[in-house]
Amino acid sequence: MKMKKLLAMALVGVMTVSSLAGCGSSGKTAGTQSAKPEGDSGHVLRVGMECAYAPFNWTQDTDTTPDGSKAVPIYDSNYYAYGYDVAVAQKLADEMGMELEIHKVEWSSIGISLDAGDYDVIIAGMGRTAEREASYAFTDPYYYRDNCIVVKKGSKYENVKGLSDLAGTGCKVTTQLGTGWIPLLDQIEGAEQSGNYETTSECFMAISNGVADVCVVDLPTAQSAALTNDDLAIITLDENDTFTGDDEMVNVCIATRKDDTELRDKVQKAMDAIGWNDKAKMDELMSTVLTQQPAAN
């Protein structure tokens, strides 16, 4: 009798261990793709981006675009990504003979997820700053952008020409969190910090709703937003009356983990091979993708 009881207890123990092993801690259900281990990218270019930063990258329901270009499936989802970043990533993947895999990630954790090995490259409209260079390896720029301010049409700020026109107005300013634009807000004398946002879409909404008066952002993103929001007015400040120290945000580069210089150099070699150091080519592609985004973006 005692032996039967011991055998029964042992069986319960085995069943308990088996059930725990089947649960795991990732929250993935049966049949769901699990994350690939770091370094499993020999034939796959795994790229992280917001997929919410038009015209650099956005999310859409299908793989079709107005000009016939193909959007790329977003890893572990039923959606697709397209935009300037995706188009450049596809060109580079093709040149390197690799498959392209897009991973959607919040901007606030884009570097953390790269370090964790969720993907191997960031192509996300990211400016190369001194702070970021301390943590990541960067290619040469794959896009050169200009900065601007966005205000509400019809507001008293619509006719601003330079930074000095904003001085002392007490305007409420905003920009995107975790970007090199944040220090620029302090250059608007007497401005009120109204709070910054996770996405540029939220920044533009704050302008439309009057929560903020001035948004500091890059010109392509502002142009993209203005296509679907008639409330926005874009102002390119006079070159003699504009922000200083914003050069870092102008150079948009591709990043890898700091110690993964082999991949960084491979990507750079592909950029050189397709001539992606030509600003005319960059501007032409940006002009094209601006016309391709869905209205919702």
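What you are looking at is a predicted structure, and each value in this text was computed from that prediction instead of being measured.
- Taking CH2 of Trp58 as the reference point, atom CD of Gln293 lies at 5.0 Å (rounded to 0.5 Å).
- Side-chain N or O atoms of Thr59 include one that pairs as donor or acceptor with a backbone N or O of Cys51 at under 3.5 Å.
- With hydrophobic clusters built from ILVMFWY side chains whose heavy atoms lie under 4.5 angstrom apart, Met282 shares a cluster with Val88.
- With Gln187 contributing its side chain and Thr244 its backbone, the two residues share a donor-acceptor pair below 3.5 Å.
- The minimum heavy-atom distance linking Leu232 with Lys153 is given by the pair O-CE, 3.2 Å.
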Given side-chain hydrogen bond (donor to acceptor under 3.5 Å, both in side chains), test Tyr142 with Asp85 step by step and report yes or no.
CA-CA 9 Å; Tyr142 71 98; Asp85 292 332; 2.6 Å; yes
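- Residues Val44 and Tyr119 fail the side-chain proximity criterion, which asks for heavy atoms closer than 4.5 Å.
- Lys152 places none of its side-chain heavy atoms less than 4.5 Å from the side chain of Asp213.
- No more than 12 heavy atoms of other residues, nucleotides or ligands sit less than 6.0 Å from atom CE of Met205.
- Counting heavy atoms from C-beta outward, Arg128 and Glu133 have side chains that approach closer than 4.5 Å.
- Counting all heavy atoms, side chain and backbone alike, Asp118 lies closest to His103 at O-CE1, 3.4 Å.
- Using a 4.0 Å cut-off between charged nitrogen and carboxylate oxygen, Arg46 and Asp120 count as a salt-bridge pair.
- For the 3.5 Å distance criterion, the side chains of Thr236 and Asp146 fail to qualify, holding no donor opposite an acceptor.
- When atom types are taken as modelled, the side chain of Arg145 and the backbone of Pro220 share no donor-acceptor pair closer than 3.5 angstrom.
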Criterion side-chain contact (heavy atoms from CB on, under 4.5 Å) on Cys215 and Val173, from CA distance to verdict:
CA-CA 6 Å; Cys215 173; Val173 296; over 6 Å; no
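- Enclosure of atom CD in Glu158 by more than 12 non-hydrogen atoms of other residues, nucleotides or ligands within 6.0 angstrom is indicated.
- With contacts defined as side-chain heavy-atom distances shorter than 4.5 Å, the pair Phe138/Arg132 qualifies.
- Put simply, Met98 and Ile254 are part of the same group of oily side chains (I, L, V, M, F, W, Y) that touch within less than 4.5 Å, one to the next.
- The structure places OH of Tyr80 at 5.0 Å from CG of Asp63, a figure rounded to the nearest 0.5 Å.
- Looking at Cys203 and Tyr197, their side chains come closer than 4.5 Å, going by heavy atoms from C-beta outward.
- Contact check on Asp115 versus Arg257 returns no salt bridge, with no Lys/Arg side-chain nitrogen under 4.0 Å from an Asp/Glu carboxylate oxygen.
- For the residue pair Ser201 / Thr199, no side-chain donor-acceptor distance below 3.5 Å is found, with atom types taken as modelled.
- Of the charged side-chain nitrogens involved, none lies within less than 4.0 Å of a carboxylate oxygen, so that Lys161 and Asp238 do not count as a salt-bridged pair.
- Few gaps surround CZ on Phe243; more than 12 heavy atoms of other groups in view lie less than 6.0 Å from it.
- Annotation: ring pair (Phe, Tyr, Trp, His ring centres under 6.0 Å) contacts of Phe56 (sequence neighbours excluded): Tyr53, Tyr143.
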Any chance you could lay out the side-chain contact (heavy atoms from CB on, under 4.5 Å) test for Asp140 and Gln268, step after step, and finish with the verdict?
CA-CA 7 Å; Asp140 291 341; Gln268 182 64 60; 3.4 Å; yes
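- Val211 and Leu166 are not part of a single hydrophobic cluster, where members link through side-chain heavy atoms under 4.5 Å apart.
- Follow the hydrophobic side-chain contacts under 4.5 Å out from Ile112 and you never reach Tyr136; the two are in separate clusters.
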Verdict with supporting geometry, Val72 and Tyr82, side-chain contact (heavy atoms from CB on, under 4.5 Å)
CA-CA 7 Å; Val72 177; Tyr82 197 62; 5.9 Å; no
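- Although no hydrogens or angles enter the test, the distance criterion places a donor-acceptor pair under 3.5 Å between the side chain of Asp165 and the main chain of Gly162.
- Looking only at atom types and distance, the side chain of Lys104 has no donor-acceptor partner in the side chain of Ser77 under 3.5 Å away.
- A donor-acceptor contact shorter than 3.5 Å links the side chain of Thr291 to the backbone of Thr288.
- Residue Ala71 comes nearest to Thr62 through the heavy atom pair CB-O, 3.9 Å, listed as atom of the first residue, atom of the second, then distance.
- Shown here for Asn147 and Trp181, the closest heavy-atom pair between the two residues is OD1-NE1, 3.0 Å.
- Annotation for Thr221 and Ala54: closest pair CG2-O, 3.6 Å, computed over non-hydrogen atoms.
- To the nearest 0.5 angstrom, Glu101 atom CD is 13.5 Å from His43 atom NE2.
- Side-chain contact annotation: Gln292 with Ser69, donor-acceptor N/O pair under 3.5 Å absent.
- Between Thr242 and Leu163 there is no side-chain heavy-atom pair separated by less than 4.5 Å.
- A distance-only check finds no donor-acceptor pair linking the side chain of Gln90 to the backbone of Leu100 [under 3.5 Å].
- Atom OG1 of Thr174 and atom CZ of Phe204 lie 10.0 Å apart (nearest 0.5 Å).
- Within a 6.0 Å sphere centred on CG of Asp186, other residues, nucleotides and ligands contribute more than 12 heavy atoms.
- With hydrogens and angles disregarded, no donor-acceptor distance shorter than 3.5 Å links the side chain of Lys91 to the backbone of Ala270.
- Side-chain N or O atoms of Glu50 include none that pairs as donor or acceptor with a backbone N or O of Glu106 at under 3.5 Å.
- Note on Val150: it clusters hydrophobically with Leu237, by side-chain heavy-atom contacts below 4.5 Å among ILVMFWY residues.
- For the pair Trp276 and Leu285, the minimum side-chain heavy-atom distance is below 4.5 Å.
- Under the 3.5 Å distance criterion, the side-chain polar atoms of Trp107 are matched with a main-chain donor or acceptor of Gly178.
- Using a 4.5 Å cut-off on side-chain heavy atoms (C-beta onward), Leu185 and Thr175 make contact.
- Of all heavy-atom pairs between Asn57 and Ala124, the closest is ND2-CA, 3.9 Å.
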